[in-house]
Amino acid sequence: MDRTQYLDALATEKQELADHDLYSVITSSPDVRRAIALFMERHVVCVLDFMSILKSLQRDLTCTRVPWVPARVGPLTRLINEIVLGEESDEVAPGRHLSHYEWYLEAMTEVGADTAPARALESALRAGVAPREALERSGLPREAIAFSAHTFALLEAPLATRAAVFFHAREDTIPRIFLPLVERLEASGRPCPTLIAYLRRHIELDGDEHGPAAERLLGELFAGDVAAERCALDAALGALRARARLWTSVAQALAPRAAEVATNAR
């Protein structure tokens, strides 16, 4: 595919994710609270492995070693550091700072979702276990493991490739997929205020600040290299399709549960 074809394919994948039936499946479930929990138990890996993509960009665009020397990419260094600041230490309440992953775990606890597999993954990664092995040990659902394995496999890809995945499959996509979910959750009247606050923060932050910054970063990195851009856009397309597979798997996991609850109610 040429550049235009890739961009068209990316736009199609993003729109299909925004229109996915997962959001209505969650909020139309006979047990919405449990449906939210089941979704979060699978989606949490997206929140955790997002930080690895982001920190891999920071590693390459700043100096994180000692002794320090200038990174020599001043504007890009500032862009990535500003994104890291918000994602790794956001002010979630006056005077209270958390990473978005830690904030998400709190939202999971609020709705009764099981955080043990995510915490097991976190502990294994902290102990230096290789990502694939850590995922397999975690007890996470298979569809979550498949998604995160795809993400971790990208971490040693060229910088421009990771930046394309970061922009197209994360920062430019997240507001599109969170908005229909938060609108339906609010309309349902279900008590999940921490999750709704988390979703709204990302719609605001990624749409207004982080998304445009990531797009500018990507433009600087391509700098007319057609071959690198084609490779990067192909990886971004693969990452969007991995998200679509996860979304579809969650919707399919919820559908039998909804049918079972309806049958028991009769």
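- With sequence neighbours left out, T173 forms a side chain to side chain donor-acceptor pair (under 3.5 Å) with no residue at all.
- When all heavy atoms of A118 and L140 are compared, the closest pair comes out as N-CD2, 4.2 Å.
- Taking 4.5 Å as the limit, some side-chain heavy atom of Q5 sits within range of a side-chain heavy atom of D2.
- Both I196 and L38 belong to a single network of hydrophobic side chains, linked directly or stepwise wherever heavy atoms of I, L, V, M, F, W or Y lie under 4.5 Å apart.
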Can you give the donor-acceptor pairs under 3.5 Å from side chains of residues 212-224 to other protein atoms, not counting sequence neighbours?
none

Can you give each donor-acceptor pair under 3.5 Å made by side-chain atoms of residues 84-92, sequence neighbours left out, with the distance rounded to 0.1 Å?
unit_1, atom_1, unit_2, atom_2, d
E87, OE1, H100, ND1, 2.8
E87, OE2, H210, ND1, 3.2
E88, OE1, K55, NZ, 3.1
S89, OG, L85, O, 2.9
D90, OD1, R201, NH2, 3.0
D90, OD2, H100, NE2, 2.8
D90, OD2, R201, NE, 2.7
D90, OD2, R201, NH2, 3.4
E91, OE2, G95, N, 2.8

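- Listed for the S28 side chain is a donor-acceptor partner under 3.5 Å among the backbone atoms of S24.
- Closest approach of L125 and P131 over heavy atoms only: CD2-CA, 3.9 Å.
- The distance from the NE2 atom of H202 to the CD1 atom of I177 is 10.5 Å, given to the nearest 0.5 Å.
- A distance-only check finds no donor-acceptor pair linking the side chain of S148 to the backbone of A144 [under 3.5 Å].
- When all heavy atoms of A236 and A164 are compared, the pair lying nearest together is CB-O, 3.7 Å.
- A salt bridge is defined here as a Lys NZ or Arg NE, NH1 or NH2 lying under 4.0 Å from an Asp or Glu carboxylate O, and R162 with D60 meets this definition.
- Summarising the hydrophobic clusters (Ile, Leu, Val, Met, Phe, Trp, Tyr; side-chain heavy atoms under 4.5 Å, direct or chained), the residues clustered with V69 are none.
- In this structure, the side chain of S123 does not engage the main chain of A120 through any donor-acceptor pair within 3.5 Å.
- Listed by chain and residue number, nothing satisfies the salt bridge (charged side-chain N to carboxylate O under 4.0 Å, His left out) test with R65 (two or more places apart in sequence, or in another chain).
- Counting heavy atoms from C-beta outward, C46 and T151 have side chains that stay 4.5 Å or more apart.
- Inter-residue side-chain proximity for L54 and I80 is flagged as met; some heavy-atom pair is nearer than 4.5 Å.
- Note: L185 CG to F178 CZ = 11.0 Å, rounded to the nearest 0.5 Å.
- Applying the salt bridge (charged side-chain N to carboxylate O under 4.0 Å, His left out) rule to pairs touching residues 102-114 yields R96-E106, sequence neighbours excluded.
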Would E229 and L233 satisfy side chain to side chain contact (heavy atoms under 4.5 Å, CB included), going step by step from the backbone distance to the final call?
-> CA-CA 6 Å; E229 183 176 23; L233 294 178; 3.8 Å; yes
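- Under the 4.5 Å side-chain contact rule for hydrophobic residues, F152 and V129 do not share a cluster.
- Between T248 and Q252 the shortest side-chain heavy-atom distance falls below 4.5 Å.
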Worked check of side chain to side chain contact (heavy atoms under 4.5 Å, CB included) between E171 and I83 = CA-CA 10 Å; E171 298 293 64; I83 296 174; 4.1 Å; yes
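- Atom CD1 of I36 sits about 8.5 Å away from atom OG1 of T27, to the nearest 0.5 Å.
- Smallest separation of non-hydrogen atoms from I145 and L135: CD1-O, 3.4 Å.
- Side-chain N or O atoms of T77 include one that pairs as donor or acceptor with a backbone N or O of L61 at under 3.5 Å.
- Two residues are said to be in side-chain contact when any heavy atoms from C-beta on lie closer than 4.5 Å; H150 and R243 fail this criterion.
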In sequence, state the C-alpha distance, the side-chain angles, and the governing distance for L154 and I53, and then conclude on side chain to side chain contact (heavy atoms under 4.5 Å, CB included).
-> CA-CA 8 Å; L154 292 167; I53 298 177; 5.6 Å; no
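- Between A18 and P180 the shortest heavy-atom distance is O-CG, 3.7 Å.
- Listed by chain and number, the residues in a ring pair (Phe, Tyr, Trp, His ring centres under 6.0 Å) with F39 are H43, W247 (sequence neighbours excluded).
- Residue pairs meeting the salt bridge (charged side-chain N to carboxylate O under 4.0 Å, His left out) criterion with at least one partner in residues 126-151, sequence neighbours excluded, are R42-E143, E122-R126, R132-E136, E133-R137, E136-R142.
- Atom CD1 in I203 sits 13.0 Å away from atom CZ in R176 (nearest 0.5 Å).
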Give the C-alpha distance, both sets of side-chain angles, the deciding distance and a yes or no for side chain to side chain contact (heavy atoms under 4.5 Å, CB included) between S56 and E156.
-> CA-CA 8 Å; S56 81; E156 297 307 320; over 6 Å; no
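- The salt bridge (charged side-chain N to carboxylate O under 4.0 Å, His left out) test applied to R200 returns E186, not counting sequence neighbours.
- For E16, the salt bridge (charged side-chain N to carboxylate O under 4.0 Å, His left out) criterion is met by no residue, not counting sequence neighbours.
- Listed by chain and residue number, R78 satisfy the salt bridge (charged side-chain N to carboxylate O under 4.0 Å, His left out) test with E82 (two or more places apart in sequence, or in another chain).
- The distance from atom CG of L48 to atom OG of S99, rounded to the nearest 0.5 Å, is 9.0 Å.
- Hydrophobic clustering (ILVMFWY, side-chain heavy atoms < 4.5 Å, transitive): L205 and I174 are in distinct clusters.
- The ring pair (Phe, Tyr, Trp, His ring centres under 6.0 Å) check on F50 picks up F166, with sequence neighbours excluded.
- Put simply, the side chain of V47 reaches to within 4.5 Å of the side chain of Y198, judged on heavy atoms.
- Here the side chains of D49 and F147 are in contact, with some heavy-atom distance below 4.5 Å.
- Clustering ILVMFWY residues whenever any of their side-chain heavy atoms sit less than 4.5 angstrom apart, transitively, puts I26 in the very cluster that holds L246.
- L57 and A163 get closest at one heavy-atom pair: CD2-N, 3.8 Å.
- How far CD of Q58 is from SG of C63: 11.0 Å, rounded to the nearest 0.5 Å.
- Two residues are said to be in side-chain contact when any heavy atoms from C-beta on lie closer than 4.5 Å; L237 and M1 meet this criterion.
- Y104 and L98 fall within a single hydrophobic cluster, where Ile, Leu, Val, Met, Phe, Trp and Tyr side chains are chained together by heavy-atom contacts under 4.5 Å.
- Remark: the backbone N or O of L105 is paired with a side-chain donor or acceptor of T109 at under 3.5 angstrom.
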